[in-house]
Q: 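Here's a structure for you.
Protein chains get the first letters and strands the later ones, always in sequence-line order, with residue 1 at the start of each. Values below: every heavy atom of this structure, side chains too, minus hydrogens, waters and symmetry copies. Quick caveat: nothing in here was measured; it's all calculated off a predicted structure.
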2 protein chains.
Amino acid sequence: MTTSSSGRLTTRVRQVLADRISRGDLRPGDQLPTERELSGEFGVSRVTVRRALASLSRDGLVYSVQGRGTFVAADRLAEPPNTLLSFHDLVANTYVSVAAQPLRVHTRPATLDEAETFGIAPGASLFELDRLRTLDDLPVAIDSTLLPLAIDPELPDLDWSHESLYARLTAAGHTPVAADYSVEARAADIRVARLLGTVPGSPVLVAESEVSDQSGRLIVAGLITYRGDRYRFRSRLTAGSAVPMVQPSSGRAFRSG
Amino acid sequence: MTTSSSGRLTTRVRQVLADRISRGDLRPGDQLPTERELSGEFGVSRVTVRRALASLSRDGLVYSVQGRGTFVAADRLAEPPNTLLSFHDLVANTYVSVAAQPLRVHTRPATLDEAETFGIAPGASLFELDRLRTLDDLPVAIDSTLLPLAIDPELPDLDWSHESLYARLTAAGHTPVAADYSVEARAADIRVARLLGTVPGSPVLVAESEVSDQSGRLIVAGLITYRGDRYRFRSRLTAGSAVPMVQPSSGRAFRSG
DNA sequence: CAGTGGTCTAGACCACCGC
DNA sequence: CGGTGGTCTAGACCACTGG
(Lines give C-alpha, C1' and ligand atoms only; values in the text may rest on other atoms or scores of the structure.)
Protein backbone atom coordinates (compact mmCIF):
# COMPACT_ATOMS: atom_id res chain seq x y z
CA MET A 1 0.00 0.00 0.00
CA THR A 2 1.00 3.58 0.03
CA THR A 3 3.35 4.97 2.61
CA SER A 4 0.42 6.59 4.35
CA SER A 5 0.90 5.62 7.95
CA SER A 6 1.25 2.27 9.52
CA GLY A 7 4.06 1.20 11.64
CA ARG A 8 4.12 1.82 15.28
CA LEU A 9 6.95 4.25 15.90
CA THR A 10 6.25 6.54 12.97
CA THR A 11 2.57 6.61 13.82
CA ARG A 12 3.27 7.39 17.43
CA VAL A 13 5.56 10.30 16.62
CA ARG A 14 3.05 11.64 14.15
CA GLN A 15 0.26 11.33 16.66
CA VAL A 16 2.09 13.18 19.41
CA LEU A 17 3.05 16.04 17.10
CA ALA A 18 -0.46 16.25 15.67
CA ASP A 19 -1.85 16.40 19.19
CA ARG A 20 0.47 19.24 20.14
CA ILE A 21 -0.74 21.17 17.13
CA SER A 22 -4.42 20.50 17.67
CA ARG A 23 -4.17 21.30 21.36
CA GLY A 24 -2.48 24.58 20.60
CA ASP A 25 0.89 23.84 22.19
CA LEU A 26 2.19 24.52 18.72
CA ARG A 27 0.46 27.31 16.85
CA PRO A 28 0.45 28.19 13.14
CA GLY A 29 3.81 29.63 12.17
CA ASP A 30 5.64 28.12 15.14
CA GLN A 31 8.83 26.27 14.42
CA LEU A 32 8.97 22.63 15.44
CA PRO A 33 12.01 21.20 17.17
CA THR A 34 14.66 20.16 14.69
CA GLU A 35 14.57 16.66 13.31
CA ARG A 36 17.64 15.76 15.33
CA GLU A 37 16.05 17.07 18.51
CA LEU A 38 12.86 15.14 17.91
CA SER A 39 14.94 12.09 17.19
CA GLY A 40 16.48 12.39 20.64
CA GLU A 41 13.24 13.29 22.40
CA PHE A 42 11.36 10.28 21.07
CA GLY A 43 14.32 7.96 21.12
CA VAL A 44 13.89 7.05 17.47
CA SER A 45 16.12 7.49 14.47
CA ARG A 46 16.02 10.60 12.38
CA VAL A 47 14.63 8.63 9.44
CA THR A 48 11.61 7.72 11.54
CA VAL A 49 11.09 11.32 12.56
CA ARG A 50 11.27 12.30 8.92
CA ARG A 51 8.63 9.78 7.97
CA ALA A 52 6.32 11.19 10.60
CA LEU A 53 6.97 14.75 9.45
CA ALA A 54 6.45 13.75 5.81
CA SER A 55 3.10 12.30 6.76
CA LEU A 56 2.09 15.49 8.56
CA SER A 57 3.33 17.52 5.62
CA ARG A 58 1.26 15.51 3.16
CA ASP A 59 -1.79 16.25 5.24
CA GLY A 60 -0.90 19.91 5.35
CA LEU A 61 -0.33 20.27 9.10
CA VAL A 62 3.30 21.31 8.76
CA TYR A 63 5.72 22.40 6.08
CA SER A 64 9.48 22.36 5.87
CA VAL A 65 11.96 24.84 4.46
CA GLN A 66 15.44 23.61 3.77
CA GLY A 67 18.02 25.35 5.86
CA ARG A 68 15.43 26.99 8.12
CA GLY A 69 13.27 24.45 9.81
CA THR A 70 9.83 22.85 9.98
CA PHE A 71 6.80 24.96 10.82
CA VAL A 72 3.16 24.56 11.69
CA ALA A 73 1.00 25.45 8.71
CA ALA A 74 -1.97 27.75 8.93
CA ASP A 75 -4.99 25.63 9.78
CA ARG A 76 -6.49 26.21 6.37
CA LEU A 77 -4.31 23.44 5.03
CA ALA A 78 -5.21 21.13 7.85
CA GLU A 79 -8.69 20.40 6.62
CA PRO A 80 -9.36 16.90 5.38
CA PRO A 81 -8.15 16.17 1.88
CA ASN A 82 -10.03 14.59 -0.94
CA THR A 83 -11.79 11.63 0.44
CA LEU A 84 -13.75 8.89 -1.15
CA LEU A 85 -16.84 8.24 0.93
CA SER A 86 -20.03 6.36 0.39
CA PHE A 87 -23.12 8.49 0.27
CA HIS A 88 -24.12 7.12 3.62
CA ASP A 89 -20.81 7.90 5.32
CA LEU A 90 -20.75 11.29 3.71
CA VAL A 91 -23.86 12.50 5.45
CA ALA A 92 -24.32 10.07 8.30
CA ASN A 93 -23.04 12.43 10.98
CA THR A 94 -24.87 15.44 9.69
CA TYR A 95 -28.48 14.47 9.26
CA VAL A 96 -30.98 12.84 11.51
CA SER A 97 -32.39 10.38 9.05
CA VAL A 98 -30.60 9.00 6.02
CA ALA A 99 -32.70 6.73 3.86
CA ALA A 100 -32.70 5.09 0.46
CA GLN A 101 -35.73 4.03 -1.51
CA PRO A 102 -34.98 1.39 -4.15
CA LEU A 103 -36.38 2.35 -7.53
CA ARG A 104 -34.94 -0.50 -9.57
CA VAL A 105 -32.96 -3.59 -8.58
CA HIS A 106 -32.13 -5.95 -11.38
CA THR A 107 -29.55 -7.92 -13.32
CA ARG A 108 -28.84 -7.75 -17.01
CA PRO A 109 -26.10 -8.76 -19.46
CA ALA A 110 -23.25 -6.35 -20.16
CA THR A 111 -23.04 -4.59 -23.49
CA LEU A 112 -19.81 -4.67 -25.45
CA ASP A 113 -18.77 -1.25 -24.18
CA GLU A 114 -19.59 -2.09 -20.60
CA ALA A 115 -17.73 -5.38 -20.82
CA GLU A 116 -14.65 -3.60 -22.04
CA THR A 117 -14.92 -0.95 -19.38
CA PHE A 118 -15.23 -3.41 -16.53
CA GLY A 119 -12.83 -5.92 -18.01
CA ILE A 120 -15.40 -8.73 -18.11
CA ALA A 121 -16.88 -10.90 -20.85
CA PRO A 122 -19.59 -9.39 -23.04
CA GLY A 123 -22.92 -10.67 -21.83
CA ALA A 124 -21.66 -11.32 -18.31
CA SER A 125 -24.13 -10.26 -15.64
CA LEU A 126 -24.25 -6.68 -14.46
CA PHE A 127 -26.09 -5.61 -11.36
CA GLU A 128 -28.00 -2.37 -11.69
CA LEU A 129 -29.34 -0.47 -8.73
CA ASP A 130 -31.33 2.77 -8.75
CA ARG A 131 -32.16 4.41 -5.46
CA LEU A 132 -33.77 7.63 -4.33
CA ARG A 133 -31.71 9.17 -1.53
CA THR A 134 -33.45 11.19 1.14
CA LEU A 135 -32.17 13.18 4.09
CA ASP A 136 -34.67 13.91 6.82
CA ASP A 137 -37.29 12.63 4.39
CA LEU A 138 -36.45 15.24 1.77
CA PRO A 139 -35.45 13.80 -1.61
CA VAL A 140 -31.89 14.81 -2.43
CA ALA A 141 -30.56 12.59 -5.17
CA ILE A 142 -31.23 9.77 -7.59
CA ASP A 143 -28.40 7.27 -7.33
CA SER A 144 -27.85 4.86 -10.19
CA THR A 145 -25.15 2.24 -9.79
CA LEU A 146 -23.75 -0.42 -12.10
CA LEU A 147 -21.30 -3.19 -11.29
CA PRO A 148 -20.40 -6.74 -12.31
CA LEU A 149 -22.56 -9.24 -10.48
CA ALA A 150 -19.57 -11.55 -10.07
CA ILE A 151 -18.10 -9.20 -7.49
CA ASP A 152 -20.83 -10.27 -5.08
CA PRO A 153 -23.53 -12.58 -6.45
CA GLU A 154 -25.76 -11.98 -3.45
CA LEU A 155 -26.30 -8.30 -4.28
CA PRO A 156 -29.78 -8.74 -5.86
CA ASP A 157 -31.10 -10.46 -2.74
CA LEU A 158 -30.34 -7.70 -0.25
CA ASP A 159 -32.61 -5.09 1.26
CA TRP A 160 -31.39 -1.96 -0.49
CA SER A 161 -33.32 0.46 1.65
CA HIS A 162 -30.82 -0.25 4.41
CA GLU A 163 -27.82 -2.02 2.86
CA SER A 164 -24.54 -0.16 2.25
CA LEU A 165 -22.97 -0.98 -1.10
CA TYR A 166 -19.48 0.07 -0.04
CA ALA A 167 -19.61 -2.16 3.01
CA ARG A 168 -20.61 -5.10 0.83
CA LEU A 169 -17.80 -4.43 -1.63
CA THR A 170 -15.24 -4.24 1.13
CA ALA A 171 -16.51 -7.45 2.65
CA ALA A 172 -16.19 -9.09 -0.77
CA GLY A 173 -12.51 -8.19 -0.91
CA HIS A 174 -12.87 -5.21 -3.22
CA THR A 175 -12.09 -2.11 -1.19
CA PRO A 176 -12.89 1.11 -3.03
CA VAL A 177 -9.68 3.12 -2.97
CA ALA A 178 -10.08 5.69 -5.73
CA ALA A 179 -12.74 7.22 -7.91
CA ASP A 180 -12.72 9.38 -10.97
CA TYR A 181 -15.46 11.89 -10.48
CA SER A 182 -17.00 14.34 -12.86
CA VAL A 183 -19.82 16.73 -12.17
CA GLU A 184 -21.85 18.97 -14.41
CA ALA A 185 -24.94 21.12 -14.21
CA ARG A 186 -28.04 20.11 -16.14
CA ALA A 187 -31.72 20.85 -16.22
CA ALA A 188 -34.05 18.33 -14.65
CA ASP A 189 -36.27 16.38 -17.03
CA ILE A 190 -39.78 15.36 -16.12
CA ARG A 191 -38.89 12.06 -14.45
CA VAL A 192 -36.04 13.53 -12.43
CA ALA A 193 -38.13 16.52 -11.41
CA ARG A 194 -40.95 14.33 -10.18
CA LEU A 195 -38.66 12.08 -8.15
CA LEU A 196 -36.78 14.98 -6.60
CA GLY A 197 -39.91 16.99 -5.92
CA THR A 198 -39.02 19.92 -8.11
CA VAL A 199 -40.04 21.28 -11.50
CA PRO A 200 -38.69 20.34 -14.93
CA GLY A 201 -35.91 22.67 -16.00
CA SER A 202 -34.63 23.33 -12.50
CA PRO A 203 -30.89 22.88 -12.08
CA VAL A 204 -29.49 19.52 -11.00
CA LEU A 205 -25.93 18.42 -10.40
CA VAL A 206 -25.04 15.24 -12.26
CA ALA A 207 -22.05 13.34 -10.88
CA GLU A 208 -20.51 10.46 -12.78
CA SER A 209 -18.10 8.23 -10.90
CA GLU A 210 -15.89 5.28 -11.71
CA VAL A 211 -14.61 3.55 -8.62
CA SER A 212 -11.56 1.31 -8.56
CA ASP A 213 -10.24 -1.14 -6.02
CA GLN A 214 -6.65 -1.47 -4.93
CA SER A 215 -5.49 -3.34 -7.99
CA GLY A 216 -6.82 -0.56 -10.18
CA ARG A 217 -9.72 -2.60 -11.45
CA LEU A 218 -12.94 -0.71 -12.10
CA ILE A 219 -15.56 -2.14 -9.78
CA VAL A 220 -18.45 0.35 -9.78
CA ALA A 221 -19.79 2.95 -12.16
CA GLY A 222 -22.26 5.40 -10.76
CA LEU A 223 -24.45 8.26 -11.90
CA ILE A 224 -25.95 10.44 -9.21
CA THR A 225 -28.37 13.27 -9.92
CA TYR A 226 -28.64 15.78 -7.09
CA ARG A 227 -31.16 18.52 -6.57
CA GLY A 228 -29.16 21.67 -7.20
CA ASP A 229 -30.36 23.41 -4.07
CA ARG A 230 -29.69 20.48 -1.77
CA TYR A 231 -26.17 19.43 -2.54
CA ARG A 232 -22.75 20.90 -3.00
CA PHE A 233 -19.73 18.91 -4.11
CA ARG A 234 -16.47 19.60 -2.30
CA SER A 235 -13.01 18.65 -3.33
CA ARG A 236 -9.46 19.51 -2.51
CA LEU A 237 -7.07 20.10 -5.36
CA THR A 238 -3.34 20.00 -4.98
CA ALA A 239 -0.54 21.15 -7.20
CA GLY A 240 0.63 18.36 -9.46
CA SER A 241 3.40 16.28 -7.98
CA ALA A 242 5.32 16.54 -11.22
CA VAL A 243 4.18 13.35 -12.85
CA PRO A 244 6.15 13.30 -16.07
CA MET A 245 4.22 10.42 -17.54
CA VAL A 246 2.06 11.10 -20.53
CA GLN A 247 -0.82 8.72 -20.82
CA PRO A 248 -3.30 8.38 -23.68
CA SER A 249 -5.90 7.79 -20.99
CA SER A 250 -8.33 6.26 -23.50
CA GLY A 251 -11.34 8.47 -22.86
CA ARG A 252 -14.43 6.42 -22.49
CA ALA A 253 -17.80 7.61 -21.33
CA PHE A 254 -20.17 4.76 -21.61
CA ARG A 255 -23.05 6.23 -19.71
CA SER A 256 -23.91 9.68 -20.84
CA GLY A 257 -27.62 9.34 -20.18
CA MET B 1 30.16 6.79 -8.54
CA THR B 2 27.15 8.13 -10.27
CA THR B 3 27.44 8.13 -13.99
CA SER B 4 27.11 11.61 -15.40
CA SER B 5 25.25 14.33 -13.59
CA SER B 6 22.97 12.55 -11.16
CA GLY B 7 19.53 13.88 -10.69
CA ARG B 8 18.39 12.55 -7.39
CA LEU B 9 18.82 8.83 -7.26
CA THR B 10 15.24 8.26 -6.19
CA THR B 11 14.00 10.28 -9.14
CA ARG B 12 16.25 8.36 -11.49
CA VAL B 13 14.96 4.99 -10.32
CA ARG B 14 11.39 6.20 -10.46
CA GLN B 15 11.89 7.51 -13.97
CA VAL B 16 13.35 4.28 -15.31
CA LEU B 17 10.57 2.18 -13.82
CA ALA B 18 7.88 4.57 -15.04
CA ASP B 19 9.40 4.40 -18.51
CA ARG B 20 9.32 0.61 -18.53
CA ILE B 21 5.67 0.72 -17.61
CA SER B 22 4.69 3.35 -20.12
CA ARG B 23 6.68 1.63 -22.87
CA GLY B 24 4.95 -1.65 -22.15
CA ASP B 25 8.00 -3.60 -20.97
CA LEU B 26 5.97 -3.99 -17.82
CA ARG B 27 2.25 -4.47 -18.32
CA PRO B 28 -0.64 -4.15 -15.88
CA GLY B 29 -0.57 -7.06 -13.44
CA ASP B 30 3.09 -7.85 -14.02
CA GLN B 31 5.25 -8.26 -10.98
CA LEU B 32 8.20 -5.92 -10.65
CA PRO B 33 11.60 -7.23 -9.59
CA THR B 34 11.90 -7.42 -5.83
CA GLU B 35 13.15 -4.42 -3.94
CA ARG B 36 16.42 -6.17 -3.24
CA GLU B 37 16.88 -7.00 -6.93
CA LEU B 38 16.19 -3.44 -7.96
CA SER B 39 18.58 -2.27 -5.31
CA GLY B 40 21.30 -4.35 -6.90
CA GLU B 41 20.37 -3.49 -10.47
CA PHE B 42 20.49 0.25 -9.88
CA GLY B 43 23.35 0.14 -7.43
CA VAL B 44 21.38 2.02 -4.78
CA SER B 45 20.23 1.11 -1.31
CA ARG B 46 16.95 -0.59 -0.70
CA VAL B 47 15.63 2.50 1.06
CA THR B 48 16.13 4.48 -2.10
CA VAL B 49 14.31 1.87 -4.15
CA ARG B 50 11.48 1.98 -1.65
CA ARG B 51 11.19 5.74 -1.95
CA ALA B 52 10.92 5.43 -5.70
CA LEU B 53 8.30 2.70 -5.42
CA ALA B 54 6.35 4.71 -2.85
CA SER B 55 6.27 7.61 -5.26
CA LEU B 56 5.00 5.39 -8.07
CA SER B 57 2.45 3.91 -5.69
CA ARG B 58 1.16 7.33 -4.69
CA ASP B 59 0.59 8.11 -8.33
CA GLY B 60 -1.16 4.82 -8.85
CA LEU B 61 1.27 3.23 -11.29
CA VAL B 62 2.11 0.31 -9.04
CA TYR B 63 0.85 -1.28 -5.86
CA SER B 64 2.53 -3.52 -3.32
CA VAL B 65 1.28 -6.49 -1.36
CA GLN B 66 3.24 -7.57 1.66
CA GLY B 67 4.65 -11.02 1.30
CA ARG B 68 3.87 -11.20 -2.41
CA GLY B 69 5.52 -8.42 -4.32
CA THR B 70 5.01 -5.18 -6.19
CA PHE B 71 2.83 -5.10 -9.29
CA VAL B 72 1.92 -2.78 -12.13
CA ALA B 73 -1.54 -1.33 -11.57
CA ALA B 74 -4.21 -1.32 -14.22
CA ASP B 75 -3.84 1.88 -16.19
CA ARG B 76 -7.07 3.23 -14.78
CA LEU B 77 -5.20 4.23 -11.68
CA ALA B 78 -2.40 5.75 -13.71
CA GLU B 79 -4.42 8.70 -14.86
CA PRO B 80 -3.41 12.07 -13.50
CA PRO B 81 -4.57 12.73 -9.95
CA ASN B 82 -6.31 15.76 -8.64
CA THR B 83 -4.44 18.68 -9.97
CA LEU B 84 -4.64 22.34 -9.28
CA LEU B 85 -4.42 24.15 -12.58
CA SER B 86 -5.09 27.66 -13.69
CA PHE B 87 -7.97 28.03 -16.09
CA HIS B 88 -5.50 28.80 -18.82
CA ASP B 89 -3.35 25.74 -18.22
CA LEU B 90 -6.43 23.60 -17.89
CA VAL B 91 -7.57 24.20 -21.41
CA ALA B 92 -4.51 25.53 -23.16
CA ASN B 93 -3.71 22.31 -24.98
CA THR B 94 -7.26 21.56 -25.93
CA TYR B 95 -8.66 24.62 -27.60
CA VAL B 96 -7.46 26.80 -30.41
CA SER B 97 -8.12 30.13 -28.82
CA VAL B 98 -8.29 30.83 -25.11
CA ALA B 99 -9.21 34.37 -24.23
CA ALA B 100 -10.30 36.47 -21.29
CA GLN B 101 -12.32 39.66 -21.46
CA PRO B 102 -11.94 41.83 -18.35
CA LEU B 103 -15.29 42.88 -16.97
CA ARG B 104 -14.09 44.63 -13.85
CA VAL B 105 -10.61 45.41 -12.55
CA HIS B 106 -10.50 47.38 -9.35
CA THR B 107 -9.25 47.74 -5.81
CA ARG B 108 -11.30 48.14 -2.68
CA PRO B 109 -10.89 47.82 1.09
CA ALA B 110 -11.47 44.46 2.76
CA THR B 111 -14.54 43.94 4.90
CA LEU B 112 -14.18 42.50 8.37
CA ASP B 113 -15.03 38.99 7.21
CA GLU B 114 -12.68 39.18 4.27
CA ALA B 115 -9.87 40.52 6.43
CA GLU B 116 -10.26 37.61 8.79
CA THR B 117 -10.41 35.10 5.97
CA PHE B 118 -7.26 36.36 4.32
CA GLY B 119 -5.47 37.12 7.55
CA ILE B 120 -4.98 40.81 6.74
CA ALA B 121 -6.03 44.05 8.39
CA PRO B 122 -9.62 45.22 7.94
CA GLY B 123 -9.65 47.89 5.30
CA ALA B 124 -6.47 46.66 3.65
CA SER B 125 -6.66 46.71 -0.12
CA LEU B 126 -8.21 43.81 -1.98
CA PHE B 127 -7.81 43.35 -5.70
CA GLU B 128 -10.96 42.24 -7.47
CA LEU B 129 -10.92 40.89 -10.98
CA ASP B 130 -13.90 39.74 -13.04
CA ARG B 131 -13.29 38.19 -16.40
CA LEU B 132 -15.36 36.51 -19.08
CA ARG B 133 -13.61 33.36 -20.26
CA THR B 134 -14.05 32.25 -23.83
CA LEU B 135 -12.85 29.21 -25.74
CA ASP B 136 -12.80 29.52 -29.50
CA ASP B 137 -14.75 32.74 -28.99
CA LEU B 138 -17.62 30.98 -27.21
CA PRO B 139 -18.33 32.29 -23.72
CA VAL B 140 -17.77 29.56 -21.18
CA ALA B 141 -17.46 31.09 -17.74
CA ILE B 142 -17.51 34.21 -15.64
CA ASP B 143 -14.45 34.23 -13.44
CA SER B 144 -14.45 36.43 -10.35
CA THR B 145 -11.29 36.58 -8.31
CA LEU B 146 -10.39 38.28 -5.04
CA LEU B 147 -6.98 38.58 -3.40
CA PRO B 148 -4.98 40.91 -1.15
CA LEU B 149 -3.33 43.60 -3.20
CA ALA B 150 -0.23 43.34 -1.05
CA ILE B 151 0.61 40.02 -2.64
CA ASP B 152 1.49 41.86 -5.85
CA PRO B 153 0.79 45.61 -5.92
CA GLU B 154 1.21 45.75 -9.67
CA LEU B 155 -1.83 43.61 -10.36
CA PRO B 156 -4.19 46.51 -11.25
CA ASP B 157 -1.82 47.77 -13.93
CA LEU B 158 -1.63 44.60 -15.99
CA ASP B 159 -3.39 43.68 -19.20
CA TRP B 160 -5.86 41.08 -17.96
CA SER B 161 -6.95 39.96 -21.38
CA HIS B 162 -3.61 38.18 -21.65
CA GLU B 163 -2.06 38.04 -18.19
CA SER B 164 -2.04 34.80 -16.18
CA LEU B 165 -2.86 35.31 -12.51
CA TYR B 166 -1.19 32.09 -11.39
CA ALA B 167 2.02 32.99 -13.16
CA ARG B 168 2.04 36.37 -11.40
CA LEU B 169 1.43 34.79 -8.02
CA THR B 170 4.24 32.33 -8.50
CA ALA B 171 6.59 35.08 -9.58
CA ALA B 172 5.63 37.00 -6.45
CA GLY B 173 6.71 34.08 -4.28
CA HIS B 174 3.25 32.72 -3.57
CA THR B 175 2.97 29.42 -5.38
CA PRO B 176 -0.54 28.01 -5.35
CA VAL B 177 -0.25 24.53 -3.90
CA ALA B 178 -3.74 23.60 -2.79
CA ALA B 179 -7.31 24.69 -3.24
CA ASP B 180 -10.57 23.89 -1.55
CA TYR B 181 -13.13 23.61 -4.26
CA SER B 182 -16.87 23.39 -4.10
CA VAL B 183 -19.28 23.20 -6.98
CA GLU B 184 -23.01 23.38 -7.16
CA ALA B 185 -25.71 23.67 -9.79
CA ARG B 186 -27.75 26.85 -10.01
CA ALA B 187 -30.01 28.63 -12.42
CA ALA B 188 -28.58 31.53 -14.39
CA ASP B 189 -29.87 34.96 -13.49
CA ILE B 190 -30.34 37.68 -16.06
CA ARG B 191 -26.82 39.10 -15.88
CA VAL B 192 -25.13 35.71 -16.02
CA ALA B 193 -27.36 34.55 -18.84
CA ARG B 194 -26.58 37.60 -20.92
CA LEU B 195 -22.85 37.29 -20.42
CA LEU B 196 -22.80 33.57 -21.17
CA GLY B 197 -25.14 33.87 -24.14
CA THR B 198 -27.89 31.74 -22.71
CA VAL B 199 -31.33 32.28 -21.19
CA PRO B 200 -32.22 33.01 -17.58
CA GLY B 201 -33.02 29.83 -15.65
CA SER B 202 -30.66 27.64 -17.64
CA PRO B 203 -28.31 25.52 -15.51
CA VAL B 204 -24.88 26.84 -14.57
CA LEU B 205 -22.12 25.29 -12.52
CA VAL B 206 -20.88 27.58 -9.77
CA ALA B 207 -17.41 26.75 -8.44
CA GLU B 208 -16.06 28.43 -5.34
CA SER B 209 -12.36 28.07 -4.65
CA GLU B 210 -9.97 29.10 -1.92
CA VAL B 211 -6.36 28.75 -2.96
CA SER B 212 -3.48 28.51 -0.51
CA ASP B 213 0.26 28.82 -0.91
CA GLN B 214 2.82 26.54 0.65
CA SER B 215 2.63 28.08 4.09
CA GLY B 216 -1.07 27.43 4.16
CA ARG B 217 -1.97 31.07 3.79
CA LEU B 218 -5.10 31.80 1.78
CA ILE B 219 -4.01 33.84 -1.20
CA VAL B 220 -6.92 33.80 -3.64
CA ALA B 221 -10.67 33.35 -3.39
CA GLY B 222 -12.49 32.69 -6.62
CA LEU B 223 -16.03 32.25 -7.86
CA ILE B 224 -16.42 30.85 -11.35
CA THR B 225 -19.78 30.48 -13.04
CA TYR B 226 -19.72 28.04 -15.96
CA ARG B 227 -22.32 27.46 -18.62
CA GLY B 228 -23.73 24.06 -17.72
CA ASP B 229 -23.45 22.71 -21.23
CA ARG B 230 -19.88 23.83 -21.77
CA TYR B 231 -18.01 22.61 -18.73
CA ARG B 232 -17.57 19.51 -16.66
CA PHE B 233 -15.57 19.42 -13.46
CA ARG B 234 -13.33 16.41 -12.96
CA SER B 235 -11.74 15.23 -9.79
CA ARG B 236 -10.08 12.17 -8.44
CA LEU B 237 -11.07 11.00 -5.00
CA THR B 238 -8.99 8.65 -2.93
CA ALA B 239 -9.72 6.64 0.17
CA GLY B 240 -8.96 8.64 3.26
CA SER B 241 -5.38 8.39 4.41
CA ALA B 242 -6.50 8.08 7.99
CA VAL B 243 -6.32 11.65 9.17
CA PRO B 244 -7.27 11.34 12.82
CA MET B 245 -7.42 15.06 13.43
CA VAL B 246 -10.75 16.63 14.09
CA GLN B 247 -10.84 20.30 13.24
CA PRO B 248 -13.64 22.76 13.93
CA SER B 249 -12.70 24.24 10.58
CA SER B 250 -14.73 27.38 11.29
CA GLY B 251 -17.05 27.24 8.31
CA ARG B 252 -17.20 30.58 6.68
CA ALA B 253 -18.64 31.32 3.29
CA PHE B 254 -18.07 34.97 2.79
CA ARG B 255 -19.10 35.10 -0.81
CA SER B 256 -22.34 33.35 -1.36
CA GLY B 257 -23.43 35.58 -4.22
C1' DC C 1 9.89 -23.09 5.07
C1' DA C 2 12.13 -19.37 2.01
C1' DG C 3 10.99 -15.03 0.00
C1' DT C 4 8.48 -10.83 -0.04
C1' DG C 5 7.44 -6.16 1.48
C1' DG C 6 7.23 -3.13 6.08
C1' DT C 7 9.78 -0.88 9.51
C1' DC C 8 13.74 0.90 11.80
C1' DT C 9 18.61 2.20 12.96
C1' DA C 10 23.12 4.87 13.17
C1' DG C 11 25.73 7.41 10.63
C1' DA C 12 27.27 10.02 6.47
C1' DC C 13 27.45 13.76 3.12
C1' DC C 14 25.08 17.48 0.48
C1' DA C 15 22.35 21.92 -0.28
C1' DC C 16 20.67 25.73 1.62
C1' DC C 17 19.87 29.43 5.07
C1' DG C 18 21.00 33.24 8.05
C1' DC C 19 24.40 35.45 10.64
C1' DC D 1 30.46 29.95 9.58
C1' DG D 2 27.13 26.63 12.20
C1' DG D 3 22.64 24.75 11.88
C1' DT D 4 18.83 23.25 9.20
C1' DG D 5 16.39 19.99 6.22
C1' DG D 6 17.36 16.64 1.95
C1' DT D 7 19.32 12.51 0.43
C1' DC D 8 21.53 8.18 0.82
C1' DT D 9 23.76 3.88 2.73
C1' DA D 10 24.29 -0.95 4.73
C1' DG D 11 22.37 -3.77 7.53
C1' DA D 12 18.83 -5.54 10.83
C1' DC D 13 14.48 -7.51 12.37
C1' DC D 14 9.41 -8.18 11.79
C1' DA D 15 4.93 -9.66 9.39
C1' DC D 16 3.00 -11.67 5.88
C1' DT D 17 2.57 -14.81 1.74
C1' DG D 18 2.91 -19.00 -0.55
C1' DG D 19 4.27 -23.73 -1.51
Q: Taking Ser57(A) for the side chain and Leu53(A) for the main chain, is one N or O donor matched with an acceptor at less than 3.5 Å?
A: no

Q: Arg12(B) CZ to dC8(D) P: how many Å, rounded?
A: 13 Å

Q: Go nucleotide by nucleotide along DNA chain C from the 5' end; which of Gly67(A) and Val49(A) gets its closest nucleotide reached first?
A: Val49(A)

Q: To the nearest Å, how far apart are Leu53(B) CG and dG5(C) C1'?
A: 10 Å

Q: Over how many whole Å does the gap from Glu35(B) atom CD to dG6(C) atom P extend?
A: 6 Å

Q: Check the interface with nucleotides 10-12 of chain D: list each N/O to N/O pair with the protein under 3.5 Å, or write none.
A:
from    : atom 1 : to       : atom 2 : distance (Å)
dA12(D) : N6     : Arg46(B) : NH1    : 3.3

Q: Can you work out whether Arg68(B) or Thr48(B) has the more 5'-proximal nearest nucleotide on DNA chain D?
A: Thr48(B)

Q: Is Thr10(B) near enough to dC8(D) that one of its side-chain N or O atoms lies under 4.0 angstrom from OP1 or OP2?
A: yes

Q: In plain terms, say whether Glu41(B) and Arg20(B) are close enough for a salt bridge, that is, a side-chain N and a carboxylate O under 4.0 Å apart.
A: yes

Q: Please confirm whether the ring centroid of Phe233(A) lies under 6.0 Å from the ring centroid of Tyr181(B).
A: no

Q: Could you measure the distance from the CZ atom of Arg12(B) to the CG atom of Leu17(B)? Nearest 0.5 Å is fine.
A: 11.0 Å

Q: Whole Å only: how far is the CZ atom of Arg14(A) from the C1' atom of dT7(C)?
A: 17 Å

Q: Got Val49(A) and Val44(A) here, is their nearest side-chain heavy-atom distance under 4.5 Å?
A: yes

Q: With respect to the phosphate group of dG3(D), does any side-chain polar atom (N or O) of Thr34(A) fall under 4.0 Å of OP1 or OP2?
A: no

Q: So, applying side-chain contact (heavy atoms from CB on, under 4.5 Å) with Phe127(B), which one of Leu147(B), Ile151(B), Leu146(B), Asp152(B) is it?
A: Leu147(B)

Q: What is the distance, rounded to the nearest whole Å, between atom CG of Leu9(B) and atom C1' of dC8(D)?
A: 7 Å

Q: Any side-chain N or O of Arg50(B) less than 4.0 Å from the OP1 or OP2 oxygen of dG6(C)?
A: yes

Q: Between dC8(C), dG6(C), dT17(D), spot the one nearest the side chain of Gln66(B), thanks.
A: dG6(C)

Q: Looking at Glu37(B) and Arg46(B), is there a salt bridge between them, counting it only when a charged N and a carboxylate O are closer than 4.0 Å?
A: no

Q: Check the distance between dG5(C)'s C1' and Gln31(B)'s CD and give it to me in whole angstrom.
A: 11 Å

Q: Measure CZ/Phe71(B) against P/dT4(C) and give the value in whole Å, please.
A: 11 Å

Q: Using whole Å, report how far CZ of Arg51(B) lies from C1' of dG5(D).
A: 13 Å

